[in-house]
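Report on one structure; see the data block that follows.
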Amino acid sequence: MQAAQILINALVLGCLYACIAIGFSLVWGVLNVINLIHGSFIVLGAYLAFGLYNALHIPPWYAVIVAAPLFFVLGYLLQRLILNRVITAPVLVTLTLTFGLDLILNNAMIYVFKADYRKLTLTPSLGSASIFDVVVPVDRLIATAAALALTGLLYLLLRRSRIGRAIVAVRLDRDAAVLMGVNVPSIYAIAFGLGAALAGCAGVLMALIFPISPLTSSAYLGKAFVVCVLGGLGSVSGALAGGLLLALVEGVGSTFLGPSHATTLSFVLLIVFLVLRPQGLVGRKGFE
Amino acid sequence: MNQSWVARRVRRSVPLSAAVLALGAQLSAASAEDIIRFGAPLPITGALAPEAVKQQQGYDLWAEQANKAGGISVGGKKYKVQIVYTDYQSNTPRAVQATEQMISQDNVNFMFGAFGSGAAKAASTVSEKYKVPTLAATASSSQVYDQGYKYLFGTFTPNDTLTTPLTKIIKTKVPDVKKVAILARNDLFPLAIAQEMEKSAKAEGYEVVYSEKYSIGTLDHSAALSQIKSLAPQWIFVTGYTNDLLLVRKQMVDQQMKAPVVTMIAGPAYQEFIDALGPAAENVSSAAWWHPAEQYNGKDIFGTTANFVKLFKDKYNSEPDYGQASAALCGALFQIAIEKAGSLDRDKVRDELAKLDVVTFFGPVKFGANGQINSLDPPVFQIQGGKPVVLFPQAIQQGDLKIGVN
């Protein structure tokens, strides 16, 4: 029974990890920008959910509707006004820029919200569902369902819409996309906006489960990084596969080796992947 | 025409500005003589920022009170208090650098220790080298004080003074408890507390069925909790910082984990723990070095515990916890020692600190031969009805242990 519990925990957690990572993966894959603001966007989304629930009693699953357009606009403007100026520079330049922007946003959050930990506590509590002896918290189930829905929507957007196909085209071959009449700067901004929207929505959902503080942004960013490398860059299914693999390794590792080794194990896995399969589980070589 | 007018104005204003500057310099030179500077390296940014902010609030409250009263009296002359802060960004080697800089370049007279046992121990090597009396507000591990240092003093009792009374209370009040599970953050203070808990539990004949560490920054504890649940302990003991304990407690509720006794150190002492968890905080027991419910009548600048709590609430609009109180106490103790020494001579102040035997708003203060306080009975408490209720020591007891955490 404990094995079933570990498996269910990993499945649910894996979807949450995927949700954290998917926007990061999209931006990295399409713009070739390692977006270090991603963790702070997630935390900002969590504060939005916290504020909406406490001020207007809007539960986080509805707050997603507010967060998505808000963060899209934020991301779009950020890319157009700041990032776009260095988008063709070497990756270290964009890395430094997003690092600086993250410092500003993160310290602004510490200034405005203080460094104290807050928790969005739903009243009444949603409780947990149990099948035989396997227990799953309902808030995690809702967050998982929402994470899967967001993942599905992004997949459909990339595969079925004109903009999505343009994003994929830019990701595959920027120069060819330009020749085919794609407005690359605009696509970059849309992709970055989508990444930010996904981060904001992930934050809203994470607020249901984890405590909120500007200091948690690095933990989210770390998870996004590992999931992306495990799953493969710029791939929707890669984020999902990476998230599930990471959660499974952490869960099993924690049970058999003790919780302190779970993180070590996930980083060992990261190194193994970087050496043996740098394109990740789903990613294909040669896309960049 | 315009240019010459501007030039004239500038020429005329130069001597005036020079005079103003000279006067200012004289004034600042005069005031610099009447100031006692205290160095306070703190992790104001980074992972330990919440704790640093609390410690800073304690120092600031003391400095404000001391200055309001005219300053510290040294041989009949009043000196204002100034605290020099440096942010070491939650990075211990930087705490050591910051201490060196404060003593050798910022010319501080005395030092407050860095946050927590690890950084306080590391930075104390520098203050000891320069023979600067240092009061550590938040270092409890005995390894900090076992270095044979003369200039280091600390206001937290050793970690076992938290776990031993707790274990004795549980033994008496809940005899059904046989199995204990311990989960600790892999960090100096939480690990030390967990080790003391294991010792205390074994000394009382409990079976420790689970004793594991979790990494700093762990987001999900569900695997560890599932394992603990399968072992069915009657006492679950978790250590870490507020964020960890909020996560663990929330995930315990998620997994429908119940136990007669759940103890968490050191989150429940903080109001944000109770606010964030709501009903899930009920009946969680804990121990800390100080509690606002204590009723001491002290000889320090704050006087009674109630007065300290009131001043704190007036300034910060929140209830003080042990970290904030200990920081304020360190300032108050320096004040007592300096006034007794009647001098800013570091050795004289050091000797007065070593000789201290005084009741304060924090409790009786007396340092052992190693510099660590040895005169306090840290309170054990439990969250009941959304408030911490003191269970021990008997002199300030507010209620009885309630059994069952759901």
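Values below: all heavy atoms of this structure, side chains included; hydrogens, waters and symmetry mates excluded. Protein chains get the first letters and strands the later ones, always in sequence-line order, with residue 1 at the start of each.
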Tell me, for [X] versus chain B, whether the close heavy atoms (under 4.5 Å) come from the side chain, the backbone, both or neither.
X	result
A:Ser213	neither
A:Thr216	side chain
A:Asn107	side chain
A:Ile6	neither
A:Ile110	neither

message: Under 4.5 Å from any heavy atom of chain A, what part of B:Leu183 do you find: side chain, backbone, both or neither?
response: side chain
- request: Identify which part of B:Ser230 has an atom lying under 4.5 Å from any heavy atom of chain A, answering side chain, backbone, both or neither.
  value: side chain
- request: Compare all side-chain heavy atoms of A:Ile34 with those of A:Phe24 and state whether any distance is below 4.5 angstrom.
  value: yes
Atom [atom1] of residue position [X] - does it have more than 12 heavy atoms of other residues, nucleotides or ligands inside 6.0 Å?
X	atom1	result
B:Tyr210	OH	yes
B:Lys179	NZ	yes
B:Asn317	CG	no

- prompt: Would you call B:Glu196 and B:Lys199 a salt bridge, using N to O less than 4.0 angstrom?
  reply: yes
- line: Max heavy-atom pairs within cutoff under 4.5 Å with chain A, candidates B:Val53, B:Asn186, B:Leu219, B:Thr242, goes to B:Leu219
